[in-house]
Q: 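Below is one structure. I have some questions about it.
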There are 2 protein chains.
Amino acid sequence: MQPYNWDGIPEVELSPGLTRQMIHTPRMTILRVRFKKGVASPEHRHVHEQVTMLASGAMRFDLAGEKIVLRPGDLLPIPSNLPHGAEALEDSVLIDVFTPAREDLM
Amino acid sequence: MQPYNWDGIPEVELSPGLTRQMIHTPRMTILRVRFKKGVASPEHRHVHEQVTMLASGAMRFDLAGEKIVLRPGDLLPIPSNLPHGAEALEDSVLIDVFTPAREDLM
């Protein structure tokens with residue numbers, strides 16, 4: 001069994017200034033997402049429970065209308081099916097953990 | 001809803017040179033564990049699926065007899081019920097993600 005390393009996981013550009021890397025296990029998906037300052041992720045929702053961990057930068061989240069600014073070291077649990085979106089206030093890197101695995105992203 | 005921040009989560013010393021912080025969500029548990037160099041976590045197993053992410057340092061894992069050295073940026077999925085243990089080759093910090101939530105640690 002070999003570990004993954006973020007430096008060896010393909011990085012996909014989803015749109016200008018927004019890239020994503022991911023791994024899947026049987027019951028979890030882990031993403032590393034890079035946002036350039038000013039880039040937003042529009043409101044969306046999913047059945048998967050999520051915890052977002054801010055690695056660097058600053059991001060403003062909107063959780064069902066509530067605004068929350070994340071700083072490095074912050075962890076934000078996002079319950080199943082709660083509408084959420086985000087905007088990067090600075091160049092930022094997020095680690096997102098989901099359960100169950102994101103079959104919609106495989 | 002407020003985010004957690006690692007700096008505000010109580011840090012419990014489990015044994016000399018080994019401390020743990022944790023949060024629980026309905027279906028996940030996330031730990032930050034600090035190991036001093038030379039400190040080991042004896043072999044154990046649990047039904048929970050785990051992904052270990054090395055934040056800093058170097059750790060040698062033993063997964064059912066297979067030795068794996070983790071470096072910063074590495075992610076190691078540990079399947080449900082697989083026996084595993086670890087030893088810190090340097091002062092190290094791990095982020096561990098589990099599903100389901102670790103009710104045994106609450």
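Sequence lines set the chain letters: A, B, ... in the order given, protein chains first and strands last, and positions in each chain run from 1.
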Q: Can you measure from CZ (Arg32(B)) to CE (Met53(A)) and round to the nearest 0.5 angstrom?
A: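 Result: 11.5 Å between the selected atoms.
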
Q: Can you tell me how far CG of Leu76(B) sits from OH of Tyr4(A), rounded to the nearest 0.5 angstrom?
A: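 With rounding to 0.5 Å, OH (Tyr4(A)) is 10.0 Å from CG (Leu76(B)).
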
Q: For residues Asn5(B) and Pro72(A), report the shortest heavy-atom separation together with the two atoms involved.
A: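 Closest heavy-atom pair between Asn5(B) and Pro72(A): ND2-O, 3.3 Å.
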
Q: Using a cut-off of under 4.5 Å for heavy-atom pairs, which of Val69(B), Ile95(B), Thr25(B) has the most such pairs with chain A?
A: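 When all of Val69(B), Ile95(B), Thr25(B) are compared, Thr25(B) has the most.
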
Q: Can you give me the closest heavy-atom contact between Pro3(B) and Ile68(A), atom names plus distance?
A: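 Of all heavy-atom pairs spanning Pro3(B) and Ile68(A), the closest is CD-CG2, 3.7 Å.
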
Q: Are Leu14(A) and Trp6(A) grouped together when hydrophobic residues (ILVMFWY) are joined by side-chain heavy atoms under 4.5 angstrom apart?
A: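 Looking at the clustering, Trp6(A) is in a separate group from Leu14(A).
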
Q: For chain B, which of Ile30(A), Leu63(A), Asp7(A), Leu70(A) has the most heavy-atom pairs under 4.5 Å?
A: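 Most heavy-atom pairs within the cutoff with chain B belong to Ile30(A).
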
Q: Which of the residues Arg71(A), Glu49(A), Glu66(A) is involved in the greatest number of heavy-atom pairs with chain B at under 4.5 angstrom?
A: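 The candidate making the most pairs under 4.5 Å is Glu49(A).
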
Q: Same hydrophobic cluster for Ile78(A) and Leu105(A), using side-chain heavy-atom links shorter than 4.5 Å among ILVMFWY?
A: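 As far as the 4.5 Å side-chain criterion goes, Leu105(A) and Ile78(A) are connected within one cluster.
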
Q: Report yes if the side chains of Leu75(B) and Ile9(A) come closer than 4.5 Å at any heavy-atom pair, otherwise no.
A: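 SC-SC contact between Leu75(B) and Ile9(A) confirmed.
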
Q: Honestly curious: do Val12(B) and Met22(B) fall in one hydrophobic cluster under the side-chain, below-4.5 Å linking rule?
A: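 Hydrophobic grouping puts Val12(B) with Met22(B).
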
Q: Given that the side chain runs from C-beta out, which part of Leu54(B) has a heavy atom under 4.5 Å from chain A: side chain, backbone, both or neither?
A: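 Contact with chain A involves no heavy atom of Leu54(B) at all.
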
Q: What heavy-atom pair brings Arg27(A) and His48(B) nearest, and what distance separates the two atoms?
A: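 Answer, listing the atom of Arg27(A) first, then His48(B): NH2-C, 4.5 Å.
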
Q: Given the rule that I, L, V, M, F, W and Y join up when any side-chain heavy atoms are under 4.5 Å apart, are Leu94(B) and Ile23(A) in one cluster?
A: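 Different clusters.
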
Q: Taking atom CD of Glu103(A) as the centre, report whether more than 12 heavy atoms of other residues, nucleotides or ligands fall under 6.0 Å from it.
A: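 12 or below, so no.
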
Q: Kindly indicate whether the side chain of Val97(B), heavy atoms from C-beta on, has any atom under 4.5 Å from the side chain of Val51(A).
A: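 Not in contact.
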
Q: Quick one: do Phe98(B) and Val93(B) end up in the same hydrophobic cluster if we chain Ile, Leu, Val, Met, Phe, Trp and Tyr together by side-chain heavy atoms under 4.5 Å apart?
A: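 Different hydrophobic clusters.
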
